[in-house]
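For reference, the structure discussed in these notes is given below.
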Amino acid sequence: MSGGAARRYLAAALGRCRARGLPLWEPLWQPPPARVPRALSGGSVAALSLLPRRHLSSRNRLEGKVLETVGVFEAPKQHGKYETGQLFLHSVFGYRGIVLFPWQARLYDRDVASPVTEKSENAAGHGSKEVKGKTHTYYQVLIDARDCPHISQRSQTEAVTFLANHDDSRALYAIPGLDYVSHEDILPYSSTDQVPIQHELFERFLMYDQTKVPPFVARDTLCAWQEKNHPWLELSDVHRETTENIRVTVIPFYMGMRWRYCIRLENLDSEVVQLRERHWRIFSLSGTLETVRGRGVVGREPVLSKEQPAFQYSSHVSLQASSGHMWGTFRFERPDGSHFDVRIPPFSLESNKDEKTPPSGLHW
C-alpha cells in the first residue's frame, strides 16, 4: 500500500468511526478534541498515536508531552474471524483492546426482514414478531486500563460478572476491563510493543512470540480459564431492535440462580436525546409477571448525541423459576421536551442445560 493509499484508507476508516461516534480517536489533519489518537503517514504505513486528555492545556497544546506511537492500522476483516492476540480499537467507544477468543452467537435482529411475518404470543401474552436468528461473531477482549477512565461515563468497563462464592449466591463481583465486542466494532492494528495493553491479566493470559501473527499467543492459563468458566462466559443469544433511530442491543447471560444482561443504546441520528425512564416487564415460568419502572438506568440518565452516540451497561435479574423472559421500553426526551418510547427487544432467560454448579469465583 502506498503512502497516499494508506492515508486515504486511514482517513476513510477513522471517518467511519467518527460518524459512529468515536470521540477518543482523530486523524492528525483534523482539529483534535480533548482526547484523540493521531493518524500519521510513515512512508507506506499510517501510525496511531494517543493524545491523553490530562496533557492538554486550555489552548489545546501539549504540556511537555509528545505523542506516543501505538501501532499501525490493518484492513478490517470482511470474512473470517480475528485470532487470539489481535490488537484493536473499538470503533464506537474508542478504547484499545486485545482479543482473547471468539464466541459464536445467534443474532436476532428485529430490524432485518424475516420470511416469517406472522405474530406470535409468547408465554406472557406479549405479542411479538417472529425473528430468525443468524450466526454472528463476538469476541472476549481485554480493555487497556489506560483508556478505562475516559470511557467510564459511556460504557461500564466491568462487563463480566461472577458469583463470589457458593455460600452467598447473591454476592457478585466483576472483572475490570473484560468486555464482549462485535466483529464489526473491531478496528485491527499491529504493534511492535511486547506489552501493548495494560491490564492485570494480559501477561497471565498472553505471551509474546515474534514468529506468530499476531505475535501474542494464548498461555495455558487462558485456555484453562476459558474451559472452566465456559458456561458463565459464553455468549449465546443477541437481540437487537431499532425504534425512531435508537437501536437497543441486549445480551443475556446465565450465572446460576440469576441472569445478567448487557444493554447497549445507540443513537443512529444526529438529534440529541436523553434517556429518562425505563419500563421492564419480567415474566417467570412460575407464573409471575413483574413490572419495574424507574428513572434512567444504573443511576444515570445518559445523553446520546452525534459526538457520543452510545451508552452500554449491565444489570442483573433473578426469577422464581428456571427460565422466563423480559421486554420493555426506554423513554427518551428530545431537546424540545417531547418524549418517545423505544422498544427493548424481548429476550429469553434460560438456565444452562448442563446444570453445572455456578462459578465460585475466578477459576484458574
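- Counting heavy atoms from C-beta on, the side chains of Lys81 and Phe101 never come closer than 4.5 Å.
- To the nearest 0.5 angstrom, Ile246 atom CD1 is 11.5 Å from Phe330 atom CZ.
- Ser351 and Trp259 get closest at one heavy-atom pair: N-CZ2, 3.9 Å.
- Proximity of Phe311 to Val297: side-chain heavy atoms (C-beta onward) are separated by under 4.5 Å at one or more points.
- In this structure the side chain of Thr84 reaches within 4.5 angstrom of the side chain of Leu222, judged on heavy atoms.
- Both Trp103 and Leu201 are members of a single hydrophobic cluster when ILVMFWY side chains are connected at heavy-atom separations under 4.5 Å.
- Between Leu187 and Pro76, the closest heavy-atom pair is CD2-CG, 4.4 Å.
- Rounding to the nearest 0.5 angstrom, the gap separating the CZ atom in Arg260 from the CZ atom in Phe253 is 4.5 Å.
- With sequence neighbours excluded, the residues that form a salt bridge (Lys or Arg N to Asp or Glu O under 4.0 Å) with Arg276 are Glu301, Glu333.
- For the atom pair Leu142 CG and Gln198 CD, the distance stands at 12.5 Å (nearest 0.5 Å).
- Side-chain contacts under 4.5 Å among hydrophobic residues (ILVMFWY), followed directly or transitively, place Val213 with no other residue at all.
- Heavy-atom contacts from other residues, nucleotides or ligands closer than 6.0 Å to NZ of Lys212 number 12 or fewer.
- The backbone N or O of Leu87 sits nowhere less than 3.5 Å from a side-chain atom of Arg96 that would complete a donor-acceptor pair.
- Contact check for Pro196 versus Phe216: side-chain heavy atoms found under the 4.5 Å cut-off.
- No donor-acceptor pair under 3.5 Å is formed between the side chain of Tyr82 and the backbone N or O of Pro102.
- With a 4.5 Å cut-off on side-chain heavy atoms, His136 and Val238 do not count as touching.
- Here the side chain of Arg264 pairs no donor or acceptor atom with the backbone of Ala310 at under 3.5 angstrom.
- With hydrogens and angles disregarded, no donor-acceptor distance shorter than 3.5 Å links the side chain of Ser284 to the backbone of Leu319.
- Follow the hydrophobic side-chain contacts under 4.5 Å out from Leu265 and you never reach Val303; the two are in separate clusters.
- Contact check for Val217 versus Met207: side-chain heavy atoms found under the 4.5 Å cut-off.
- Using a 4.5 Å heavy-atom threshold, the side chains of His239 and Val248 count as separate.
- Nearest heavy-atom pair, Gln312 versus Cys262, reported as atom, atom and distance to 0.1 Å: CG-SG, 3.9 Å.
- In terms of hydrophobic clustering, with Ile, Leu, Val, Met, Phe, Trp and Tyr side chains grouped at heavy-atom distances under 4.5 Å, Leu275 and Val298 are assigned to a common cluster.
- Using a distance-only test at 3.5 Å, with no hydrogens or angles considered, a donor-acceptor pair links the side chain of His199 to the main chain of Pro176.
- Counting non-hydrogen atoms of other residues, nucleotides and ligands closer than 6.0 Å to CD of Glu271 gives a total above 12.
- Nearest heavy-atom pair, Ser318 versus Arg258, reported as atom, atom and distance to 0.1 Å: OG-CB, 3.6 Å.
- Using modelled atom types, no side-chain atom of Asp147 and backbone atom of Ile151 make a donor-acceptor pair closer than 3.5 Å.
- Residues forming a side-chain hydrogen bond (donor to acceptor under 3.5 Å, both in side chains) with Arg240 (at least two apart in sequence, or on another chain): none.
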Report the C-alpha separation of Ile263 and Thr249 in whole Å, then their side-chain angles, then the decisive distance to 0.1 Å, and conclude whether the side chain to side chain contact (heavy atoms under 4.5 Å, CB included) test is met.
CA-CA 6 Å; Ile263 290 188; Thr249 304; over 6 Å; no
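- Partners of His183 under the side-chain hydrogen bond (donor to acceptor under 3.5 Å, both in side chains) rule, at least two apart in sequence or in another chain, are Tyr139.
- Ring to ring, His90 and Phe88 are not that close: their centroids are 6.0 angstrom or more apart.
- The distance from the OG atom of Ser315 to the CZ atom of Arg278 is 7.5 Å, given to the nearest 0.5 Å.
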Tyr180 vs Gln140, side chain to side chain contact (heavy atoms under 4.5 Å, CB included): CA-CA, chis, key distance, verdict
CA-CA 5 Å; Tyr180 293 88; Gln140 196 90 66; 3.2 Å; yes
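- Side chain of Ser191 to main chain of Val70: a donor-acceptor pair is present (N/O by atom type, distance under 3.5 Å, no hydrogens or angles).
- Listed by chain and residue number, nothing satisfies the side-chain hydrogen bond (donor to acceptor under 3.5 Å, both in side chains) test with Ser270 (two or more places apart in sequence, or in another chain).
- A donor-acceptor pair under 3.5 Å is absent between the side-chain atoms of Gln320 and the main chain of Leu285, judged by distance alone.
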Verdict with supporting geometry, Val181 and Tyr95, side chain to side chain contact (heavy atoms under 4.5 Å, CB included)
CA-CA 11 Å; Val181 180; Tyr95 62 72; 3.2 Å; yes
Side chain to side chain contact (heavy atoms under 4.5 Å, CB included) between Tyr189 and Val72, intermediate numbers included
CA-CA 5 Å; Tyr189 73 92; Val72 178; 5.9 Å; no
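- Taking CH2 from Trp327 and CD1 from Ile344, the interatomic distance works out to 11.5 Å, rounded to the nearest 0.5 Å.
- Asn245 places no side-chain N or O within 3.5 Å of a backbone atom of Asp269 that could act as its donor or acceptor partner.
- Criterion: ILVMFWY side-chain heavy atoms under 4.5 Å apart, direct or through other members. Under it, Leu268 and Leu107 are not part of a common hydrophobic cluster.
- One finds the NE2 atom of His325 at 9.0 Å from the CG atom of Leu349 (value rounded to the nearest 0.5 Å).
- Contact detail for Ile98 and Leu206: the closest heavy-atom pair is CD1-CD1, 3.6 Å.
- Taking each heavy atom of Gln86 and Pro214 in turn, the nearest pair found is N-CG, 3.7 Å.
- For Ser236 and Glu234, the side-chain atoms include no donor-acceptor pair closer than 3.5 Å.
- Between Phe347 and Asp237, every side-chain heavy-atom pair lies at or beyond the 4.5 Å cut-off.
- Applying the side-chain hydrogen bond (donor to acceptor under 3.5 Å, both in side chains) test to every pair with at least one member in residues 334-343, sequence neighbours left out, gives these pairs: Glu241-Arg343, Glu244-Arg334, Arg331-Asp341, Arg334-Ser338, Asp336-Ser338.
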